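All figures in this text were calculated on a predicted structure; none of them were measured in a lab.
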Amino acid sequence: MGERVELLAPAGSYDAFLGAVNAGADAVYLGGQQFGARAYADNFTAEEIVRALSVAHFYGKRIYLTVNTLLKEREMAQLYEYLLPFYEAGLDGVIVQDFGVFSFIREHFPKLPLHVSTQMAVTGVRSAALLKEQGAVRIVPARELSLKEVREIREKADVEAECFIHGAMCYCYSGQCLFSSILGGRSGNRGRCAQPCRLPYEIYDGKRRLSGSGYPLSLKDMCTLEYLPSLLEAGIDSFKIEGRMKRPEYAAGVTAVYRKYIDRYYQEGAAGYRVEPEDMDRLKRLYIRSEIQTGYYERHNGKEMITLEKPGYESCDEVLLTEIREQYIREPEKMPVRMQASVKVGEPLRLCVMEERTETVCLAVEVTGDVVQSAKNAPLSGEEVRKRLCKTGDSFLTVADCKIAMEGDCFVPVRALNELRRTAVERFETVVAESYGVPARQRTEAGAEKESDGGNKSDRPSQSKENAVDVAVSTFEQLRAVLTWGGCRRIYIDSDLYMKSYEDVMQNAEEAAEKSGDGTMPAFYLALPYILRERDGAYLRRLTEVLSRAGGFVQGFLVRSLEGLAWARGVCQEREKCSEQNDGQTAYEIVPDAGLYCFNADALAFFKDFLAEVTLPYELNAGEAAHLVRAARRCGVRTSLIVYSRIPMMITANCLKKTAGQCSAEKGAKRQLLLKDRCGEAFPVEITCEHCYNILYNCVPYSLHGAKKEREKIGADALRYDFTMEDGVQCVRILEGEFPFTDYTTGHCKRGVE
């Protein structure tokens, strides 16, 4: 990017695209009729996207296509044909969430710029740098980041940063929400969120109610108009407006206001920057909630960010919408040009198209056509030639002046004149687009079309009747119970628990090994926090020190975020260096958790370079999971299937305890609240003060104890049990197959996800 920030507007329809372009957007992001995170927007046909690319490039704009959902295997087989016409038409970038889509585009469309969606929840420099290393040119960081964190990503990872400046905000870290998916079968990761966060809830601490019925998960809309100078001075490359589900008038109206003030800053600087009250009022009248806030740029969380009493939108001002519609929702003004044609017997037709300017000509093209013949009967007139050449149709040009130089009695077929005009106009439009630094069209240099095995069951490797058993624990009681039970291949210990008293953890493990009779122990891995931010730097340094003292006790990591993956990868690389120096230490292993979505076989290409095992996502059904297991075996990657857990349905920077006015943050402390919905269902919420985030769990456990047929069909290498709020007795009963709870869910194992 250049020194000036890019203003990036949303478009849920072709009219919205036109409105955004006419209102001053530098770039537009939009979705086709497949693979976008706004499945319920109007979206674009393939023809409309190709047309929009032509319009955008002629006027010096860019278009980024959203392929920012998780794709199932059968959908991956359609991706090549879907992207090809847009690639050939000069698509400027693709916004992606799915690691498989990322890898696929990197392989098959290597010149197509990859933009990482906020759905990947990039929260720090490490994860941004890892993605840049893998081929990303732009990162859309998590919306929860502070301005300082965004600036660090931009500077230290040396990758473009695209940040939201206006619009609706999710309560959960994007890409980490399963609320709509688990409760209603409509996945936010697949562009079909039912927005359960906009429903009323009550907050309880045990039986004590902390808040009455309200909307504690509903964030106010973001509006940073008054905060723009700080954002501009942070070096952000692209300012993004949210709103592909909203009307064209919204896209145009909001874009026009931000265009005005971005330009004002560049003209007058921060000292002269002042927002006029009527413009703030104009924004509020454009499909916005009654209250606004500036997002997370200057705060980590807070009650003032929540719209507790009114989660819905105010009605739009129809008078304002009409005004905007008339001003912006139209095809852009055509560029006036001059033409000079030479029609001389015995010479080729010549046509020069020039930019219409009173001074020097900046842009011009000249083309030649058929040789002019001598007329046998009625010769061609200059007016007839002019009439043919001035028909520019749906091009972006209008002819302001056309001079014809003719010699002799000329005959030229109508076809030849039309072809001359079309060629000249197309070449001139290409020159104009290229003058902005935008390639009008790509040559087809994409790789071969992806072939899918279609999930052929005949190549399924034989599966042992006995699966390895892995267990994740978060309390000492759970750890002791699991160690006493025995039979685990691997135990994932919550890293917070390990950090508090790692010596006690190791002692318990050694005592259990002595009692086992053969002295063997399971492998111990650390389960890292769900979110790691800049504020966790001291925590990670302490963890590194503890690992160095623990010798070979810890053998790997369960990573739950890209930042965790990047940190663990760095630790592994250091360990490998030590191993090369013959200190006897074995290399760590890294296992991505279900929230680092390995959703299709192509995602394995992203992970397999530095991981030997993946966890199957919650949103795959048994057939889809089985297909992924087969694909993983073919490329030497192990798989783990979670068969018991409390599904973490939201990971949030905002805190329910703080929203209820009860914040008493203590370093390392964990608390539990309950969130009750309209039906009286209670969702446990873990308040994690050490890392300042909440985990909202499902109201009932997830268990596949009664789904033997599905477990065997999937055929994963290991079955994993995740314990969060269970006591020791319950842990053992679950491991032994005696399910201790009345209610439970099998999630998407049988039903799949929309």
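Stacking of K240 on the aromatic ring of Y29 is recorded, both the 6.0 Å distance cut-off and the 45° axial limit being met. A cation-pi geometry, defined here as NZ or CZ lying under 6.0 Å from the six-membered ring centre and within 45° of its normal, holds between K246 and Y250.
The side-chain contact (heavy atoms from CB on, under 4.5 Å) test applied to E383 returns S381, R386, not counting sequence neighbours. Residues that satisfy the ring-ring contact (aromatic ring centres under 6.0 Å, His included) test with F428, not counting sequence neighbours, are absent from this structure. Every ring-ring contact (aromatic ring centres under 6.0 Å, His included) that Y273 has, sequence neighbours left out, goes to Y261. With sequence neighbours excluded, the residues satisfying ring-ring contact (aromatic ring centres under 6.0 Å, His included) with F607 are F99. Residues meeting the side-chain hydrogen bond (donor to acceptor under 3.5 Å, both in side chains) test with E268, sequence neighbours left out: none. Scored by the ring-ring contact (aromatic ring centres under 6.0 Å, His included) test, Y328 finds no partners at all (sequence neighbours excluded).
When each of R422, R427, E429 is paired with V425, the side chain to side chain contact (heavy atoms under 4.5 Å, CB included) condition holds for E429 and for no other. Checking Q267, R259, K260 one by one against D263, the side-chain hydrogen bond (donor to acceptor under 3.5 Å, both in side chains) holds for a single residue, R259.
In plain terms, the two heavy atoms of F606 and L131 that are nearest each other are CZ-CD2, 4.1 Å.
Between E624 and R74 there is a salt bridge, since a side-chain N of the basic residue sits under 4.0 Å from a carboxylate O of the acidic one. Looking at E242 and R143, no side-chain N of the basic residue comes within less than 4.0 Å of a carboxylate O on the acidic one, giving no salt bridge.
Between E318 and E249 there is no side-chain heavy-atom pair separated by less than 4.5 Å. Inter-residue side-chain proximity for V257 and R282 is flagged as met; some heavy-atom pair is nearer than 4.5 Å.
Taking the six-membered ring where the residue is Trp, the centroids of Y258 and H166 are separated by under 6.0 Å.
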